[in-house]
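What you see is a predicted model; the values in this text were computed from it and never measured.
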Amino acid sequence: DAKTTQPNSMESNEEEPVHLPCNHSTISGTDYIHWYRQLPSQGPEYVIHGLTSNVNNRMASLAIAEDRKSSTLILHRATLRDAAVYYCILRDVGEYGNKLVFGAGTILRVKS
Amino acid sequence: DGGITQSPKYLFRKEGQNVTLSCEQNLNHDAMYWYRQDPGQGLRLIYYSQIVNDFQKGDIAEGYSVSREKKESFPLTVTSAQKNPTAFYLCASLILAEAYEQYFGPGTRLTVT
């Protein structure tokens, strides 16, 4: 399974943009890049996903490097509710279906 | 309301006992998943199932068993063979045709003493 590398933690000020990096140097051509986030004692929540092109949705933007070996999740204006653990995940589509391989993630702290 | 239900939220058991965690979804999703999370760690896949009566081992299946007799239900049994069962257990489901968003349940926190 291809792996991802993320910083252990990051800090941001409220109302400012946040750029959460992820390295995935062993990504294969068919791996999708997914981002999920998890609040304490809750299940993870889908944020965004992409394959090659940059993606935008109501929650965030995903910028994918041209060689696909890294990506960045962008929260345009951080709020206190964005404080969570953010997971960058590669979706493994194998013989038996889809698997998400979670790493330790990045703890995002948002200061008011 | 559609969603995934896991019960109970907290579960306590004595060592040596088998325990079954419930996971039910009314989203009509094809695939279901069980993950385990230890404090400060990411999620690790235990078992997953794409269709009824079929399931595959994930990365840490030893000491666990599952069944998928109905599309909406995917119970997980933590057996006495699981050496360190205390953890937060999360169930998820997915529409195979879309396959980009796993929906997670609220989790069950199991404590074995």
Side-chain angles (χ1 to χ4, degrees), chain A residues 1-9 20 22 24 30-53 55-60 62 64 84-109, chain B residues 3-7 9-10 21 23 25 27 29-52 54-61 66 68 74 87-110:
Chain A
D1 295 332
K3 295 290 189 286
T4 62
T5 303
Q6 299 176 253
N8 291 335
S9 63
L20 297 165
C22 180
H24 28 78
T30 55
D31 283 337
Y32 280 79
I33 302 159
H34 289 242
W35 284 81
Y36 281 73
R37 70 181 186 183
Q38 185 179 24
L39 297 169
S41 298
Q42 294 187 24
E45 170 190 33
Y46 166 83
V47 177
I48 201 166
H49 80 287
L51 184 61
T52 56
S53 304
V55 185
N56 299 298
N57 67 19
R58 64 174 179 79
M59 289 181 72
L62 176 60
I64 301 172
V85 179
Y86 285 80
Y87 297 100
C88 170
I89 300 157
L90 301 182
R91 175 158 60 95
D92 179 9
V93 183
E95 180 183 354
Y96 295 109
N98 296 275
K99 291 167 54 177
L100 297 182
V101 181
F102 285 77
T106 296
I107 299 171
L108 175 65
R109 298 184 178 91
Chain B
I4 299 177
T5 304
Q6 290 188 246
S7 60
K9 191 169 176 64
Y10 298 95
L21 309 183
C23 178
Q25 54 100 358
L27 300 166
H29 285 180
D30 313 290
M32 297 185 74
Y33 302 77
W34 272 107
Y35 294 89
R36 168 189 172 128
Q37 187 173 35
D38 293 290
Q41 306 294 315
L43 282 66
R44 290 184 290 168
L45 182 64
I46 304 172
Y47 268 99
Y48 63 111
S49 166
Q50 286 199 104
I51 57 173
V52 172
D54 189 47
F55 46 82
Q56 277 71 47
K57 292 181 179 180
D59 301 316
I60 55 164
V66 292
R68 187 89 186 274
F74 192 40
F88 187 44
Y89 290 88
L90 287 154
C91 179
S93 68
L94 175 81
I95 301 173
L96 284 176
E98 295 178 2
Y100 62 84
E101 181 174 357
Q102 280 198 358
Y103 290 75
F104 283 83
T108 292
R109 194 168 297 280
L110 173 66

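The nearest pair of heavy atoms linking A:Tyr36 to B:Gln102 is OH-N, 2.6 Å. Residue B:Leu90 comes nearest to A:Pro44 through the heavy atom pair CD1-CD, 3.9 Å, listed as atom of the first residue, atom of the second, then distance.
When heavy atoms are compared at a cutoff of 4.5 Å, B:Gln6 does not approach chain A at all. Interface residue B:Arg109: only side-chain heavy atoms are found under 4.5 Å from chain A. Of the atoms belonging to B:Phe55, not a single heavy atom falls under 4.5 Å from chain A. Looking at B:Leu45, only its side chain comes within 4.5 Å of chain A, counting heavy atoms on both sides.
To the nearest 0.5 Å, atom OH of residue A:Tyr46 and atom OH of residue B:Tyr103 are 9.5 Å apart. Rounding to the nearest 0.5 angstrom, the gap separating the CG atom in A:Leu100 from the OH atom in B:Tyr35 is 4.5 Å.
Side-chain contact check for A:Tyr87 versus B:Leu43: some heavy-atom pair is nearer than 4.5 Å.
The side-chain hydrogen bond (donor to acceptor under 3.5 Å, both in side chains) check on A:Glu45 picks up A:Arg37, with sequence neighbours excluded.
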